[in-house]
Engineer: 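I have a structure here, written as structure tokens, and I will follow up with some questions on it.
The analysis underlying the following values was restricted to heavy atoms, covering all of them including side chains, and did not include hydrogens, waters or symmetry mates. Bear in mind the structure is a predicted one, so any value in this text is a computation, not a measurement. Each ligand, and each atom within it, is numbered from 1 in the order the structure gives.
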Amino acid sequence: MLDINCQYKSVEVSGKKEINMKFYKPKSLLELFETSEKIEGKKYFLAGGTDINVQIKNGMIKDEPIIFLNHLTELKNILQSDNHIIIGALTSFSEILESELLKNKLPFFQNSLKNFASPLIQTTATIGGNIANGSPTADIVPLLLILDAKLKLFSKSKLREVPISEFYLGYKKFILKRNEIIGAVLIPENAETGYETFYKKIGSRKALYIAKLAIAGLKKISNNKIEEIKLAVGSLNEYPRRLFKVEEYLKNKLVNEIDFADVEHFLQKEITPITDLRSDKEYRYRVCINLIRTFLNQ
Ligand SMILES: Cc1cc2nc3c(=O)[nH]c(=O)nc-3n(C[C@H](O)[C@H](O)[C@H](O)COP(=O)(O)OP(=O)(O)OC[C@H]3O[C@@H](n4cnc5c(N)ncnc54)[C@H](O)[C@@H]3O)c2cc1C
């Protein structure tokens, strides 16, 4: 049974357009999937609402149905199980920042998120929403990429796990099927252990800013040789991505043998820098190269 809790009609937006929106509040995960299956065409899920509400206000979402997720507490937790830290998709950024488990097991991940939005947004915005909104600027994604995180995707009859590096297909395009949601994020509990870590989020000011570029890195260097390296970028490409080709070039190189013309060659093979209202592609590309140099102490 569909549970239509509320239906807003004829709401004026900017004094011009009318919107006619339906909101659904399923009582359980099962009802969520049943509701979702019955809705034909495009629909949205509302977790924290910090992206969705802006899109409604801007008229980007007009009359597509919206299904509330935010009351489904089974998707709101941080646990340790089978050598992984499991973060439910509805966990808020405040809960991530306050978690003792993350402080002990994944302190680099936790600390890197301190510049996420503002305390007010942190209390509402969820990890699942940050990933599923599909913005190139999503802060959490470059971090999850270098930590080899997986996503647990839920549907009515199936549960599957996919590496986050395989989730995005293009700008706001994912492998999520029609009636599938992100249920949880899995991070190997030792993903940071033994690595030197690096995260830089570049913006126009020091607080409450969306990244012009974000880069995350892990490296293990022994006797001047790069034994292991993982790099990922946000806000540079149509979607955040791991720099596998650059990593492959750098792995097993002596640090003083790195040729940055080669680094640029491989970087260009895997990214297509974007220009938007925050910055242009030349700036983003140059800052990215400079930050890779900084990370490698070059
Ligand atoms: C003032 C302000 C500042 C911000 N600052 C930052 C910032 O510094 N860094 C940053 O990265 N972002 C920032 N954001 C963007 C936003 O807060 C984040 O992207 C946030 O994590 C979105 O989560 P949410 O729960 O609010 O998503 P919602 O708005 O509820 O949903 C976003 C999208 O994800 C889908 N969705 C949500 N949950 C799921 C799920 N479990 N499974 C499948 N689909 C789902 C929805 O259908 C929707 O399309 C900011 C936003 C505002 C308004």
Engineer: In terms of side-chain heavy atoms, does Gln55 have a donor or acceptor partner in Asn133 at a distance below 3.5 Å?
Structural biologist: yes

Engineer: Any idea which part of Ile121 is under 4.0 Å from ligand 1, heavy-atom wise: side chain, backbone, both or neither?
Structural biologist: side chain

Engineer: Examine the proximity of ligand 1 to Tyr209 and report which part, side chain or backbone, both or neither, has a heavy atom under 4.0 Å away.
Structural biologist: backbone

Engineer: Between atom OH of Tyr199 and atom CD1 of Ile146, what is the distance when rounded to the nearest 0.5 Å?
Structural biologist: 10.0 Å

Engineer: Any idea which atoms of ligand 1 are less than 4.0 Å away from a heavy-atom of Ala47?
Structural biologist: 25 (O), 30 (O), 37 (C), 38 (N)

Engineer: With hydrophobic residues grouped by side-chain heavy-atom distances under 4.5 Å, do Val162 and Leu176 end up in a single group?
Structural biologist: yes

Engineer: Ion pair present between Glu192 and Lys105, side-chain N to carboxylate O less than 4.0 angstrom?
Structural biologist: no

Engineer: Show which atoms of ligand 1 fall inside a sub-4.0 Å distance from at least one heavy-atom site of Leu69.
Structural biologist: 38 (N), 39 (C), 40 (C), 41 (N)

Engineer: Report the part of Asn53 (side chain from C-beta onward, or backbone N, CA, C, O) that has a heavy atom under 4.0 Å from ligand 1; answer both or neither where that applies.
Structural biologist: neither

Engineer: If we only count N/O pairs under 3.5 Å, is Phe45 in contact with ligand 1?
Structural biologist: yes

Engineer: Using the rule that two of Ile, Leu, Val, Met, Phe, Trp, Tyr join whenever any of their side-chain heavy atoms come within less than 4.5 Å, decide whether Ile271 and Phe266 are in one cluster.
Structural biologist: yes

Engineer: Strictly below 4.0 Å, N to O, side chains only: are Arg284 and Asp276 in salt-bridge contact?
Structural biologist: yes

Engineer: Heavy-atom contacts with Gly49 under 4.0 Å: which atoms of ligand 1 show up? List them by number with element.
Structural biologist: 24 (P), 26 (O), 28 (P), 29 (O), 30 (O)

Engineer: With heavy-atom distances below 4.0 Å as the criterion, list the atoms of ligand 1 near Thr137.
Structural biologist: 11 (O)

Engineer: Under 4.0 Å from a heavy atom of Gly48: give me the atoms of ligand 1 that qualify, with their elements.
Structural biologist: 24 (P), 25 (O), 26 (O), 30 (O)

Engineer: Run the salt bridge (Lys or Arg N to Asp or Glu O under 4.0 Å) test on Glu264 and Arg286 for me, step by step, so that the C-alpha distance in whole Å, both residues' side-chain angles and the decisive distance to 0.1 Å come before the verdict.
Structural biologist: CA-CA 10 Å; Glu264 292 205 32; Arg286 202 41 51 205; 3.3 Å; yes

Engineer: Does Arg160 form a salt bridge (Lys or Arg N to Asp or Glu O under 4.0 Å) with Glu180? I'd like the steps, not just the answer.
Structural biologist: CA-CA 10 Å; Arg160 58 180 180 134; Glu180 204 172 35; 2.7 Å; yes

Engineer: Would you call Lys76-Glu95 a salt bridge at under 4.0 Å N-O?
Structural biologist: yes

Engineer: Mind checking whether Lys201 has a heavy atom under 4.0 Å from ligand 1?
Structural biologist: yes

Engineer: Give the numbers and elements of all ligand 1 atoms closer than 4.0 Å to a heavy atom of Ile181.
Structural biologist: 42 (N), 43 (C)

Engineer: Give me the nearest non-hydrogen protein atom to atom 36 (N) of ligand 1 as residue plus atom name, then the distance to 0.1 Å.
Structural biologist: Ala132 CB, 3.7 Å

Engineer: For Asn179 and Lys43, test the side chains for any donor-to-acceptor distance below 3.5 angstrom and give the result as yes or no.
Structural biologist: yes

Engineer: Do any nitrogen or oxygen atoms of Ala117 come within less than 3.5 Å of a nitrogen or oxygen of ligand 1?
Structural biologist: yes

Engineer: What atoms of ligand 1 come within less than 4.0 Å of a heavy atom belonging to Phe93?
Structural biologist: 21 (O)

Engineer: What is the nearest protein non-hydrogen atom to atom 27 (O) of ligand 1, stated with its residue, atom name and distance?
Structural biologist: Gly129 CA, 3.5 Å

Engineer: Are any of the N/O atoms on Ile52, whether in the backbone or the side chain, positioned under 3.5 angstrom from an N/O atom of ligand 1?
Structural biologist: yes

Engineer: Got the closest protein heavy atom to atom 26 (O) of ligand 1, with its distance?
Structural biologist: Thr50 OG1, 2.6 Å

